[in-house]
Structure formats: C-alpha cells, structure tokens
Amino acid sequence: MSKSKNFLFGFGLFVLVIACLAVWIKLPPLMVGVLVLAFALWLGLTRRGRQAASVTGVGISTLKSRLGSSAVVVIGIAGVVGVLVALLAMGEGYAETLRKTGSADTAIVMRGGSASEVMSVLDRDSVVVIPQTAGIARNAKGEPIASSEIVVAANLPVKGGKGADDEGSVQLRGIDQQGWELRPNLKIVAGRKFNPGMRELVVGKGAQRQFAGLEPGHEIKLGSQQWTVVGVFASDDALESEVWGDASVVSDTYRRGSSRASVIVKLADPNGFKAFESTLAADPRLKVDTSTTLDYFNKQSEGTSKVIRIIGITVGLIMAIGAIFGALNTMFAAVASRAREIATLRAIGFRGLPVVVAIMLETMLLALLGGVLGGALAWLIFNGYTASTLAQGSVGQLTFEFHVSPALLWTGVKWALAIGFVGGLFPAVRAARLPVTTALREL
C-alpha cells in the first residue's frame with residue numbers, strides 16, 4: 001500500500017510539473033509580475049510565508065560554503081540560456097532582415113504558381129502589359145512607376161577564402177531605371193549608380209562584406225563578361241546582399257532573352273492593392289500571382305526561421321535536461337547536508353510547505369543568476385554578429401545580423417526558471433516528506 005501511494009504521489013507530482021511548465025511557457029510578462037507580487041505578499045503577510053522566508057535566508061547564507069556545487073548549477077543553466085538565445089537570435093535576425101524588405105505600397109507580379117522570383121518567368125507580352133494596368137502610380141513624366149526585373153545566380157570569390165576557387169553564390173538582380181524610385185530607402189553610400197546599357201554594377205553593403213573585389217573601380221567576371229563595380233548601396237534590408245545591374249544587360253549576358261522574373265510596381269493608393277490584384281487576375285492575357293512586396297518577403301522568411309527556431313529549441317531541450325540533472329544532484333546534496341537542520345525546524349513546528357518553498361526559492365535564485373548570465377553573454381557576443389546563409393526563395397547568400405531582442409532575453413530567463421523549478425521541486429518535496437526521526441539519523 002505504501003509503495004502504491006508513493007507511486008501515485010510521484011505520478012501526480014510529475015503531472016503537476018508538466019502542467020506548470022505548459023502554463024509557464026504561455027504566461028505573459030504581466031501575469032508573471034502579478035504572480036511575483038502575490039508571492040511576495042504571501043511571504044510577508046502570512047505565518048507560513050514568513051517561515052519560508054526565514055528558512056530561505058538561512059539556506060542562502062550557506063551558499064558560500066557550497067560555492068562549487070552552486071556554481072555548477074549557475075554555469076550549466078547559463079550555458080543552456082546562452083546557446084538557446086544565440087540560436088533564436090539567428091532566426092530572429094534572419095526574419096527581421098526580410099521583414100524590413102518591401103512595403104505595403106509596392107506590389108510584385110510573378111508568373112502564376114511561382115513561390116519566388118527565381119522560379120518565375122514572365123514573357124515579353126506580360127512584361128509590357130502589366131505596367132499599363134490601372135492602379136499604378138506615375139512619375140512626373142506620366143510614366144508608370146514599374147520595374148521589370150530579372151534575378152540570376154552569380155559566383156564570386158568569398159572574402160578570406162583559401163583560393164580563387166573558394167566561391168559563393170550571390171544574387172544578381174537586373175533592374176530598370178524605375179527600380180531606384182521603387183526603393184526610396186536605398187541610398188548610394190559610395191560611388192554612383194550604374195549607367196543603362198553598360199556592364200556596370202552597384203553592390204549592397206552586405207554583399208561587399210561577404211565577397212572579394214566589390215570595391216568601386218574594380219572589375220569582376222560575371223557570366224562570360226567583365227563588369228565594373230561603380231557603386232555601393234545601403235538599404236538596411238535583404239537587398240543589401242544583392243548585386244545590381246541593368247536588366248537588359250544582365251538578361252543578354254545570361255541569355256534570358258526578353259523574359260523577366262517579375263514586375264515590381266508602385267501603387268497609386270496603398271489601399272488599392274486588392275483592386276490592382278483583381279484587375280490583373282481578370283486580364284485573359286495574363287496568368288500571374290500578385291502580392292505586396294512586404295507580404296512576399298515576409299513569406300520568404302517563414303520556412304527558414306521556423307527551421308532555425310526548431311533547431312534552437314531542440315538543442316536547448318537537450319542541454320536543459322543535462323542542466324536539470326545537475327540542479328537535482330546539487331539540491332539533493334544540499335538537502336542531505338541540511339537534513340538535521342530541516343528536521344529540527346519540522347520538530348519545532350515548521351510545516352512542510354515553508355521547507356518546500358525555501359528550497360525552491362534557493363534553486364530558482366541560482367537559476368535566475370544563470371539565466372541572466374547566459375542572456376548577458378549571448379547579447380555581448382552575438383547581438384549584431386553578422387552571418388550569411390542561402391536564403392529561401394533566392395539563389396544567393398543573405399547577409400544578416402543576429403538580433404538579441406528583449407523578448408528573446410525574457411524567453412531565456414523563463415527557460416532558466418523552468419529548469420530551476422524542475423531541479424528544485426523533487427529535492428524540496430523529499431525534504432518536506434522525510435520523517436523527522438529518519439532525517440535526524442541521516443547525519
């Protein structure tokens with residue numbers, strides 16, 4: 001019967017832990033603040049709360065004598081949080097770079113069924129018809145603000161490579177002259193724009209950081225032709241990872257004829273996108289898909305960001321299991337070393353709840369220190385760190401910066417406290433349930 005009761009108690013405790021963790025994951029910061037305030041009031045205003053606070057004070061005062069074992073808990077949890085936040089910051093930085101690309105008042109038109117520009121081919125007739133559609137803004141000359149563009153892959157030597165054969169893929173975009181007006185956030189920061197009809201290039205700052213030979217005045221080989229780099233642009237988005245040239249020249253170099261990958265237009269009214277999309281869909285000459293550039297680039301970030309997040313959480317869970325076992329070992333040892341003290345407190349009237357709370361508070365304090373340390377290290381080392389990867393829906397590497405946001409730091413702290421909760425609960429419950437006579441004989 002005793003074994004059956006112990007089993008049921010252990011199973012119930014396990015279910016309680018799972019339920020608490022599920023609620024904790026979804027808990028918003030405001031509710032966490034409310035819980036902390038309520039707990040502080042319980043500690044200060046109730047008899048058992050004051051007992052828990054006094055026992056906690058005694059336990060914390062002995063941490064110096066257990067510095068080595070306590071450091072194991074702090075460092076282990078710091079490692080979990082640091083790795084988790086760094087991986088999530090990579091996904092956040094990647095997604096943020098693409099989210100900042102495009103706008104709600106510009107639209108991208110591609111061949112029907114195309115998931116991205118690199119999969120789209122618009123014929124000459126479509127390229128001519130699309131800019132004449134109603135709803136497109138016009139410039140001072142009365143011309144529609146539209147750019148028919150082509151995207152191809154080009155290989156360039158990477159910076160710091162071991163030799164000329166150490167190359168990476170860069171996305172080469174051919175644009176019309178209206179392409180500049182469609183991106184008002186883009187600024188030439190060195191050199192000048194390319195001249196139409198010439199084999200000249202302007203390169204993004206991200207591409208310049210990633211590849212060798214992209215300084216103004218240098219010549220590089222793309223396709224079978226020599227091109228001259230004449231300028232560098234900054235846009236603070238995914239376009240900084242690209243290299244731009246005249247659409248007609250890029251098309252001729254790569255033998256794409258008069259076809260284009262997409263037509264990008266500026267809408268006369270940002271709220272008129274649905275009408276513009278419907279007009280294109282109703283035109284029997286066209287078989288195209290249309291979206292705002294903001295939506296298009298947001299969708300491009302979803303798949304890769306999700307994969308990075310899954311990898312981060314998986315790695316974090318594996319490391320968290322190790323940290324939990326470290327915390328369990330440390331706290332069981334701490335409880336064993338204080339068995340006589342805990343038994344004495346129980347004998348003079350302290351209930352089991354204050355003992356449980358005291359040990360939990362001690363463990364959560366160590367976990368909080370580890371979470372703050374891990375988050376701080378992740379922010380110091382990785383925030384703003386530049387990386388690159390082959391972007392989904394593109395043919396070139398996307399350069400982006402890790403972004404350690406306050407939300408990610410909060411996620412790291414929540415993970416740390418969750419590890420501390422699991423690592424401290426079982427030793428705390430054991431201490432509270434241990435018979436006084438047994439505890440007095442343990443030392």
For [Y], does its backbone N or O pair with a side-chain atom of [X] as donor and acceptor, under 3.5 Å?
| X | Y | value |
| --- | --- | --- |
| K266 | Q178 | no |
| S259 | L122 | no |
| T279 | A275 | yes |
| T56 | A52 | yes |
| T411 | A407 | yes |
| D105 | L267 | no |
| D123 | S126 | yes |
| N139 | G142 | yes |
| K187 | P184 | yes |
| S241 | A207 | no |

Atom pair [atom1]/[atom2] of [X] and [Y] - distance to nearest 0.5 Å:
| X | Y | atom1 | atom2 | value |
| --- | --- | --- | --- | --- |
| Q210 | L398 | CD | CG | 10.0 Å |
| E219 | T228 | CD | OG1 | 4.0 Å |
| L286 | T133 | CG | OG1 | 6.5 Å |
| K205 | L214 | NZ | CG | 14.5 Å |
| F194 | L201 | CZ | CG | 8.5 Å |
| L98 | K299 | CG | NZ | 14.0 Å |

Note: [X]-[Y] ion pair, threshold 4.0 Å (strictly below):
| X | Y | result |
| --- | --- | --- |
| D289 | R111 | no |
| R183 | E149 | yes |
| R173 | E242 | yes |

Does a side-chain heavy-atom distance below 4.5 Å link [X] with [Y]?
| X | Y | result |
| --- | --- | --- |
| L425 | V17 | yes |
| R199 | T253 | yes |
| T290 | I108 | no |
| E96 | F400 | no |
| L35 | L27 | yes |
| Q208 | P216 | yes |
| P29 | W410 | yes |
| D283 | V129 | yes |

Can you see which heavy atom on [X] is nearest to which on [Y], and at what distance?
| X | Y | answer |
| --- | --- | --- |
| F233 | L239 | CZ-O, 3.3 Å |
| N383 | V404 | OD1-N, 3.0 Å |
| A146 | P131 | CB-CB, 3.9 Å |
| L366 | V73 | CB-CG1, 4.1 Å |
| V263 | V265 | CG1-CG1, 3.9 Å |
| G223 | Y254 | N-OH, 3.2 Å |

For this session: Please name all residues satisfying salt bridge (Lys or Arg N to Asp or Glu O under 4.0 Å) with R192, sequence neighbours left out, ordered by chain then number.
Result: E200
Exercise. In chain order, what residues pass the ring pair (Phe, Tyr, Trp, His ring centres under 6.0 Å) check against F14, with sequence neighbours excluded?
Worked result: none
Can you establish whether the number of heavy atoms outside [X] located under 6.0 Å from its atom [atom1] is more than 12?
| X | atom1 | result |
| --- | --- | --- |
| R99 | CZ | yes |
| R138 | CZ | yes |
| K100 | NZ | yes |
| F39 | CZ | yes |

For this session: Would you verify whether the NZ or CZ of K221 falls within 45 degrees of the ring axis of W227 while also being under 6.0 Å from that six-membered ring's centre?
Result: no
Less than 3.5 Å apart, any donor N or O on the side chain of [X] or [Y] sitting next to an acceptor on the other?
| X | Y | result |
| --- | --- | --- |
| S251 | S248 | no |
| D237 | N185 | yes |
| E117 | S262 | yes |

Problem set entry | Check: W180 ring centroid to W244 ring centroid under 6.0 Å | yes
Exercise. For the residue pair F402 and W379, is the inter-centroid distance of their aromatic rings smaller than 6.0 Å?
Worked result: no
Problem set entry | D295/T292 under side chain to side chain contact (heavy atoms under 4.5 Å, CB included): CA gap, chis, key distance, verdict | CA-CA 5 Å; D295 288 341; T292 65; 3.2 Å; yes
Exercise. When you look at T399 and R209, which way does the side chain to side chain contact (heavy atoms under 4.5 Å, CB included) test go after all the steps?
Worked result: CA-CA 9 Å; T399 301; R209 286 195 299 266; 3.7 Å; yes
Exercise. If you look only at pairs with a residue in residues 25-44, which of them pass as a side chain to side chain donor-acceptor pair (under 3.5 Å), with sequence neighbours excluded?
Worked result: W42-T46
Exercise. Given V315 and L87, is the side chain to side chain contact (heavy atoms under 4.5 Å, CB included) satisfied, shown in steps?
Worked result: CA-CA 9 Å; V315 172; L87 287 171; 4.1 Å; yes
Exercise. Taking it one step at a time, do V151 and Q171 satisfy side chain to side chain contact (heavy atoms under 4.5 Å, CB included)?
Worked result: CA-CA 7 Å; V151 175; Q171 186 156 289; 3.3 Å; yes
